[in-house]
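Written out below as structure tokens is the structure these notes cover.
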Amino acid sequence: MTEFALEEMILNMGPHHPSTHGVLRFIVRTDGEMMLRATPDVGFLHRGIEKIAELMPYESFMPYTDRIDYLSSLNCNLGYALTVERLAGIEAPEKAEYLRVIGAELTRIGSHLIAVGALLLDLGAVTPFVHALRERETYNSLMEMLCGARLTHHYVRIGGVAFDAPDGFIEKALSFVNHLEYEFLDEFNKLISFNSILIKRLANVGIITPEKALEFTLVGPNLRGSGIKFDLRKDEPYSIYDRFDFEIPSGSGKFGVQGDAYDRYWVRIEEIKQSCRIVRQAINQMPEHGEIKTKISKPFKIPAGEIYVRTECPRGELGFYLISAGGKTPYRLKIRTGSFSAMTIIEELSEGVMVADLVAIIGSLDVVAPEIDR
Amino acid sequence: MNPYGNIFVFFIMGFISVLAGMTLVRIIAPQRPNSEKNMTYECGENPIGSGWINFNARFYLIAILFIIFDVEIILIFPVIVNFRDYLISGRGAAAFAEIFLFVAVLFLGLIYAWANGYLEWLRSVRKQLRVEGRIMRIKEIIREESDMGDLDA
Amino acid sequence: METKKLIELLGEKLSSFIVKADKMPNNDLLILIKKESLLSVMDTLKNDLELKFNVLMNHLGVDYTESFAVIYNLYSFKLKKKVTVKAYMEHENPEVDSIESVFKGVNWFERETYDLLGIRFRGHSNLKRLLLPSDWEGHPLRKDYIYPEEYNGLILKREENCK
Amino acid sequence: MLERYNIVNRFKEDHLFITTKVETALNLARANSVWYLLMGLACCSIELMQTGGPRADIDRFGSLFRATPRQSDLMIVAGTVTLKMAPRLRRLYDQMADPKYVIAMGSCANCGGPFTHSYSVLKGVDKIIPVDVYLPGCPPRPEALTEALIKIQEKIKKEKYLMKDET
Amino acid sequence: MYSLADIIYRRMTETFGASDFLEPLFTIVSYLLPCIAILGIVSLISGALTLLERKISADIQNRIGPNRVGPFGIFQFIVDGVKLLLKEDIIPDAADKKLFRLAPYIVFSSTVLAVIVIPFGGPFIVADLNIGLLFIVVVSSLVVVGFMMSGWASNNKWALLGGIRSAAQIISYEIPVALSLLTVALITGTFSMQEIVKQQGLYPWQWFILHNPFTFIAFFIYFVSSLAEINRLPFDFPEAESELVSGYNTEYSGMRFGFFFVAEFANIFVSAALAAAVFLGGGNIGIDPYNSPLGYKLLMALVFFAKALSLCLVTIWVRWTLPRLRIDHMMSLCWKYFIPISVFCLVLTAAWLVAFKGNSVFWRIAG
């Protein structure tokens, strides 16, 4: 066998690159096709949210939780609100809980649409990405009806929600969910999911065994893609998730080894279906009217204490470790996000992989810059 | 009026139209070069090392295989042009035998290359990486220069 | 498996190391340990057959103005229980040994704590700044941190009046 | 080097922008095909993608998204510019081919927005690159971004292009 | 052996009377006239294709394509061209200046060369060389030189990767293209394009695509390989936005990039026109093209353009539906599947002709 000398060059998949979602930088040591190592260099979107949390009173920190993961801002709101409520011992009223769950699951659908679309855009299929954007437009108008904002919702308040659902929202949400589950996903799967080129590009790429996933503390769809059926909504039910029945999709080596990029892609598509089911059940069970926000003391203070609460965000487990020293502002707030641990595994997976595969791995792990840098 | 003259005229006209375009740009378009602008684009970073690396030998291998098969095509041309006349004059079988033999020998070349794995794009490099020691050596290099992480300015 | 049974189990397994153990809200359990015994506690928590706290959920550092603290949240698939391990250390050049040998995934968590709080981790494979540019002075999350006025020629005006 | 055309503007004194016939045609051409650089930093990048999507489609104005700064003439700074990103953003702006314009999209790019209390955020992108249109909103709606693009087009249409090159 | 230049030369000598004083002027004009006309038509078509691509991609993605310039955005490509003319032309310091400037010249003129031999229906062909098909196969490999040059000269790692990949891709896909064109040359016995078109007929069963099952396969191999030859998705490596930023034209700006853009779309039209002429009987409606009234000649040209344009639409349609292949898939697809199949097609067509004495499948109807 001829001995091919490995002429290494250092390549900058730099902060401004179409396929690094947002501003991530990879210093890639490659010989043109084969990659020896892709060392990530993050911090280009570090805005110091945890330092700002120490200056802001509890209630007015809520808009910043939108910007932790701007694709699923309502889930982050929910996580922060639950942390503060549990530490302060407040209970949200019934209707507010339902409105929260409906908003959270709709945001999960919207976030997965962009996650799947961005992966396909990196693999060169532009049309499915734009179709996902079209569906997301309906989601945006739904959110605009509910909370007044398209992207950074700022809808959940400590002790309840900000506005009641306007009339017409329920029908529109139901029709959106039905259209999505019965018409859009079938058409989407026919168009791209079972396309043989996509299967060749995603199967057996970036294989993460369950042990390696646990070792690198992967969470959310990345963990479930490797076959571990762990979902906080089922294993640690918070809010009212125990009243709905839905399955947890997990990677099963559909077109290749279990835990490859196709499994993570397929888990996200299945999760959209499950979220549609939850939204439908939540809409049916929601009480007609009831107050949507419990009163909280004006200069809102929390007795000293520490708490760690984690909720299931589209990109995995979003944990808030809150230490309060009894004052109006938190003493220390640590935000643990799903993409943070997903980044550490990219370096591990990138050995002996082609540039095109690295792009597929980053897309399948669905990494978002603000979640890593906060 | 030799029709091959057209080839020369077309080539020159192609050149002239691009030349006209570029001189028009030189006249009309603004020209404000500065050192920052003329730095090579590397996703917003200072480029590390030069862009002129000697790329891997697998491209050379593809070129060799290409030459073999292109020469084969050139040598078939005469037979193909006269094939119809051979058919009409009844000696079609001889022409077919000629094509078949020539192509079969070269097809064996392709089979040989295929069996030896020259057609694999990456396997050859990945197999070479698996040679014992080799992977360990690369891991040490990367561990030594562990501060490759922040090469920024 | 309620927390009382878990406290006894932990008490019997790590009796010598635990300084104090009490309940935390959100059915969590806080264990206070000395900073020297961090590695051994983590090792037993992860590899002990009964406990099997194999998932490291979260890690953070806290600046208590007169001392620093390092907090690890663990979760066990077997027991379906959460545990929080906390260790205090002195305020001048805080140093604690890194548990990267036990939990490989903590690499970036510790780098971020070093970057933002300045806690050094002995034995960490690649302890460097993660989020801030490499030529940044100071560690922002400390309570006594003064905002820089200017960085590489860019003036940073900071409003004082954020109540 | 060939001397540049200097179509003398007869009414030099009053600063009324009287563009000649040729210039109006050229500006019209330049205005209707503004190719923007894909510069998505934070939340505004999602709205930037939505503007490229089906509902508010900026492809109608003839503007494609280009991946390299060489071929793009409009840079939409969509998101928070941190101090680590600032030198790279400045380099990307320099590497753009010349008649170039900048839209500072979102309050983060205009003045640091909600992150004025942060230590690592640049308070406004106009500290490092000249900005043509400031687009308020956090994140601004796709219709607002389309209106900013139209403002850029109007600015291009009124520009004196074939003047003596003073700079 | 016949070319448009001859007709013009003869027509001019008749009108102005042959005098050796004017003779060199006549030759120059009779060469230049068809060249300028065809160059104009091809650049117009490639401009229209850029517009077509944006409108069709918008339609596929439920968007509205460019509609601000002229009715339905027709003049968008003219506006794009003028804007590119007005952009600054950056030549990086680290680049190899001469090669960097020369690359668009090579790419554009080699694309234009291929247009000489394309039979635009009826008598409209610039020069009906008797080695037409061979000429096109040879010229299409000149473009590689341009891409390699632009990739190497701009001293940019992304451009270099793009340049080498496009070179490897184009030269390896040239073999299936050449072999599938040769299967048709076997049937016609000549390379001159007008002859190939003349031997086909108006009805589909007289075309070479349905001549025998192997030419049918050869058509599809030709079409997919020509997709790879012009770097169109799913073989989009050289300018794969998501991987190599913008491949070999990363460093090019302004009109220099414009010429790459026009050359790429001219290439699409050329390969579609070639497929239409060779396999789909372009511009042949059963009438002798030379001595028929002008109306019929225009009809033939129309039929040819309809076929070529439909293939262009398929190219654009494929681009906006399929994801991109990885480079080792593409290489193994070419060397392990396309080349063996096209070699079989060549040999088996020869066997077919010998067995059926040169007749097609539908020889009873085709006559």
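Every chain is numbered from 1, with letters handed out A, B, ... down the list of sequences. These numbers were taken from a predicted model, which means no experiment stands behind them.
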If you count heavy-atom pairs under 4.5 Å between each of [options] and chain B, which one has the most?
options	result
M331(E), H329(E), R101(E)	M331(E)
L179(E), N155(E), T188(E)	N155(E)
V139(E), L134(E), V138(E), I28(E)	L134(E)
A355(E), P340(E), C334(E)	P340(E)
D96(E), I36(E), V262(E)	D96(E)
T190(E), V343(E), L353(E), L39(E)	L353(E)

Given heavy-atom pairs under 4.5 angstrom as the criterion, report whether the side chain, backbone, both or neither of [X] touches chain B.
X	value
K87(E)	backbone
Y173(E)	neither
I38(E)	side chain
A263(E)	neither

Between F257(E) and F261(E), is a ring-ring contact (aromatic ring centres under 6.0 Å, His included) present by the stated rule, with each step listed? CA-CA 6 Å; F257(E) 164 73; F261(E) 207 62; 5.5 Å; yes

So [Y] and [X], do their side chains get closer than 4.5 Å, heavy atoms only?
X	Y	answer
S141(E)	I171(E)	no
M13(B)	L32(E)	yes
Q31(B)	R26(B)	no
N38(B)	I90(E)	yes

Under 3.5 Å, which donor-acceptor pairs link side chains of residues 109-118 of chain E to any protein atom two or more places apart or in another chain?
unit_1, atom_1, unit_2, atom_2, d
S109(E), OG, Y105(E), O, 2.3
S110(E), OG, I106(E), O, 2.9
S110(E), OG, V107(E), O, 3.0
T111(E), OG1, V107(E), O, 2.4

Compute the ring centroids of [X] and [Y], then answer whether they are less than 6.0 Å apart.
X	Y	result
F107(B)	Y112(B)	no
Y252(E)	F259(E)	no
F15(B)	F108(E)	no

Are there residues of residues 66-75 of chain B whose heavy atoms fall under 4.5 Å of chain E's heavy atoms? If so, which?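 At a heavy-atom separation under 4.5 Å, chain E is reached by F66(B), F69(B), D70(B), I73(B).
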
Is there any residue in residues 97-105 of chain B with a non-hydrogen atom under 4.5 Å from a non-hydrogen atom of chain E, and which ones are they?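 Checking residues 97-105 of chain B against chain E gives I99(B), F100(B), V103(B).
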
With chain E, which of N6(B), L110(B), V9(B), V25(B) has the greatest number of heavy-atom pairs at distances under 4.5 Å?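 Ranked by contacts with chain E, first place is N6(B).
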
Tell me which of these, I111(B), I76(B), D85(B), L65(B), has more heavy-atom pairs under 4.5 Å with chain E than the rest. L65(B)

Does K37(B) use its side chain to pair, donor to acceptor, with the backbone of R32(B) at less than 3.5 Å? yes

Is a side-chain donor or acceptor of R256(E) paired with a backbone partner of D89(E) at a separation under 3.5 angstrom?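 No; zero donor-acceptor contacts below 3.5 Å.
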
Do E251(E) and N156(E) have side-chain atoms, one donor and one acceptor, less than 3.5 Å apart? yes

According to the interplanar angle, ranging from 0 to 90°, do the rings of Y248(E) and F260(E) count as parallel (below 30°), tilted (30 to 60°) or perpendicular (above 60°)?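 Answer is tilted, since the angle falls between 30° and 60°.
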
When you look at F191(E) and F135(E), which way does the ring-ring contact (aromatic ring centres under 6.0 Å, His included) test go after all the steps? CA-CA 9 Å; F191(E) 283 140; F135(E) 177 75; over 10 Å; no

Which residues pass the side-chain contact (heavy atoms from CB on, under 4.5 Å) test with I164(E), sequence neighbours left out?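 I164(E) satisfies side-chain contact (heavy atoms from CB on, under 4.5 Å) with F55(B), F59(B), L160(E) only.
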
